[in-house]
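Structure first, then comments.
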Amino acid sequence: MKIIAIEEHVLPDEVKQAWNTIPGADDGTLGLNPGVIGERLADLGEQRLALMDETGVDVQVLSLTTPGLNNLGHHGIDLARRTNDLLAEAVAGNPSRFQAMAALPSAEAEAAALELQRSTEDLGCKGAVLFGRVGDKNLDDPIFEPTFACAAELDVPLLIHPQIPQASVRDAYYAGFGAPIDLALSTFALGWHFEAGVQFVRLILGGVFDRYPKLQVILGHWGELVLFYLERLVMLDRVSKLQRPLIDYVRTNLYLTASGMFSPAYLQQAIDTVGVDRILFSTDYPYQYRPGNNARHFIDGLELTDTTKSKLAHRNWEHLIGGP
C-alpha cells in the first residue's frame, strides 16, 4: 500500500541564514533544529530518500518548517520564490517520491496570493503552508484574505502549521522553568498546538469559510487540540452569527493529519469526528522520525478495513489535490 506523508519539512540554507541575520526573523524556534535534525532538514537527496525507505514512506510532501517566512516582511517575497523553486527542483528530480506545498510571504498580502498562484500553476505545488499569525495579526486578519481567495479559486488546500505563541503569551503561560523547558513547553509540548487550534477557530468565527465555503484547510497533530474540545466549542453557536453550525465547518472544511502521532485512539476519534474521507497521513519528518519501518508498521497494524487504511495512507490526499 502506497504511503504519502503530507507534512514533511525542509529548511534551506538561505532561509536559515535569513532567520539568523534579519532582525526579528527568528522567533526562538531556530534552536529546535540542531545537529542531525538540521542536517536532515537541509537534505533533499539520498539521505532523505534512504530514511523514507527505512520508515516505509513512499512519497513526502515537502514544506518549509516553522516559522516559515512570516517574520521576514518584504524580504520574504523573493525568498519565497527561491524556496519554492528549490522545492520544485527537488520534485522534478524525484517526481515519484516528492511533492511540495508552497511557502508564502504572508506579511505581504498580495504577494502571498501571487506566489500561491505561481507555485501551484507554474511549479506544481499542491497547496501552501500557513504559520498562523504575522506579528499580532491572526489568520482572520484581512492581510490573509487574498491568500484565502486565491486558494479557494484554485481549489488547493492550506495547511495551518503551528508557530510559537507571541512573546507576551510565552511570558504569561510558558516561562519560569529555564530556557530549554520554557522553549519546549511553548512549542512542541503544548504552545504550538493551542496556537494552531485557536487560529483555525478564528477562521470559523471570522467568517472565512462563509466567504469561501469550498476552502479546505489541514490541521496536524490530529486537530491541534480542537478535536478534543468540540463538545464545548460548538456552544459558540449560541452567540455567533455564522451561516452554519460550527460542527459543519469542522466536517466540511477541515482535514486532519497525524504529524507523527501514531495513536490508534487519536485516529479513531478523528474518524468519528470528521469521517474516514478527511484523514491524512504524515510523519512530521525529521522531528518525529523513528527507525524500524515505523510508519508502515503503524498503518499495517491498525484494526481498520483495507479501504480505510488506503484512504489514510494515500487516497484521501490524492482526492484532495485532484489526482496523484
Side-chain angles (χ1 to χ4, degrees), residues 5-9 27 29 32 61 63-68 70 101 106 127-134 137-141 144 148 151 157-166 169-170 173-174 183-206 208-209 215-236 246-275 278-285 287-288 312 316-317 320:
I6 69 108
E7 187 193 343
E8 317 305 307
H9 297 301
D27 60 4
T29 52
L32 296 175
V61 183
S63 61
L64 185 60
T65 193
T66 187
N70 279 30
M101 296 281 274
S106 292
V129 180
L130 301 179
F131 295 91
R133 295 171 293 100
V134 170
K137 297 175 181 177
N138 293 300
L139 275 184
D140 56 304
D141 189 272
F144 293 98
F148 295 136
L158 300 171
L159 190 154
I160 302 175
H161 191 281
Q163 69 161 307
I164 196 169
Q166 55 264 61
V169 174
R170 298 201 304 272
Y173 290 106
Y174 301 111
L183 179 60
L185 185 60
S186 64
T187 55
F188 57 81
L190 197 61
W192 269 346
H193 313 299
F194 274 118
E195 176 71 20
V198 166
Q199 294 302 324
F200 172 70
V201 173
R202 292 189 67 97
L203 290 186
I204 297 175
L205 296 176
V208 171
F209 299 116
L215 179 65
Q216 300 298 313
V217 303
I218 304 166
L219 282 178
H221 308 97
W222 297 125
E224 305 292 8
L225 301 175
V226 169
L227 193 68
F228 304 98
Y229 279 86
L230 280 175
E231 185 174 349
R232 305 294 290 186
L233 283 167
V234 296
M235 293 181 181
L236 287 166
L246 186 142
I247 192 64
D248 194 48
Y249 300 97
V250 173
R251 292 174 175 165
T252 60
N253 298 100
L254 177 64
Y255 282 78
L256 302 175
T257 187
S259 305
M261 296 174 65
F262 295 162
S263 166
Y266 288 177
L267 168 60
Q268 188 60 55
Q269 185 160 359
I271 292 173
D272 292 343
T273 303
V274 301
R278 288 184 166 270
I279 52 172
L280 306 169
F281 186 76
S282 57
T283 76
D284 200 12
Y285 178 90
Y287 300 106
Q288 293 286 81
L312 168 65
N316 286 343
W317 174 252
L320 177 59

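Starting from 1, each residue takes its place in the sequence as its number. What you see is a predicted model, and the numbers here were worked out from it, not measured in a lab. Heavy-atom basis, side chains included; hydrogens, waters and symmetry copies ignored.
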Write down the atom of [X], the atom of [Y], and the distance for their closest heavy-atom approach.
X	Y	result
W222	F228	O-CE1, 4.1 Å
F188	H193	O-NE2, 3.0 Å
R251	T273	NE-O, 3.1 Å
Y255	R278	CE1-NH1, 3.2 Å
A196	I160	O-CG2, 4.3 Å
P165	G191	CG-O, 3.9 Å

Donor-acceptor pair, distance only, cut-off 3.5 Å: does the side chain of [X] make one with the backbone of [Y]?
X	Y	result
E7	S259	no
R133	I164	yes
E224	L219	no

How long is the span from the [atom1] atom in [X] to the [atom2] atom in [Y], to the nearest 0.5 Å?
X	Y	atom1	atom2	result
I279	L256	CD1	CG	9.0 Å
L320	I218	CG	CD1	5.5 Å
L203	L139	CG	CG	5.0 Å
Q269	S263	CD	OG	9.5 Å
E231	I247	CD	CD1	11.0 Å
S282	M261	OG	CE	10.5 Å

ask   = Considering residues at least two apart in sequence or located in another chain, which fulfil the salt bridge (Lys or Arg N to Asp or Glu O under 4.0 Å) criterion with R202?
value = D140
key: Listed partners of Q268 passing side chain to side chain contact (heavy atoms under 4.5 Å, CB included), at least two apart   = I271, D272, L304
inquiry  = Y287: which residues meet the side chain to side chain contact (heavy atoms under 4.5 Å, CB included) condition with it, sequence neighbours left out?
reply    = H9, N33, I37, L41, T65, D284
inquiry  = Applying side-chain contact (heavy atoms from CB on, under 4.5 Å) to L312 and L267, what does each step give before you reach the verdict?
reply    = CA-CA 10 Å; L312 168 65; L267 168 60; 4.0 Å; yes
request  = For the pair L254 and F209, evaluate side-chain contact (heavy atoms from CB on, under 4.5 Å) and give the outcome as yes or no after the intermediate values.
outcome  = CA-CA 10 Å; L254 177 64; F209 299 116; over 6 Å; no
request  = Quickly, which of N316, L280, T283 forms a side chain to side chain contact (heavy atoms under 4.5 Å, CB included) with I6? Name it, please.
outcome  = L280
request  = Return the orientation label for the F131 and H161 ring planes: parallel under 30°, perpendicular over 60°, tilted otherwise.
outcome  =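 F131 and H161: tilted rings.
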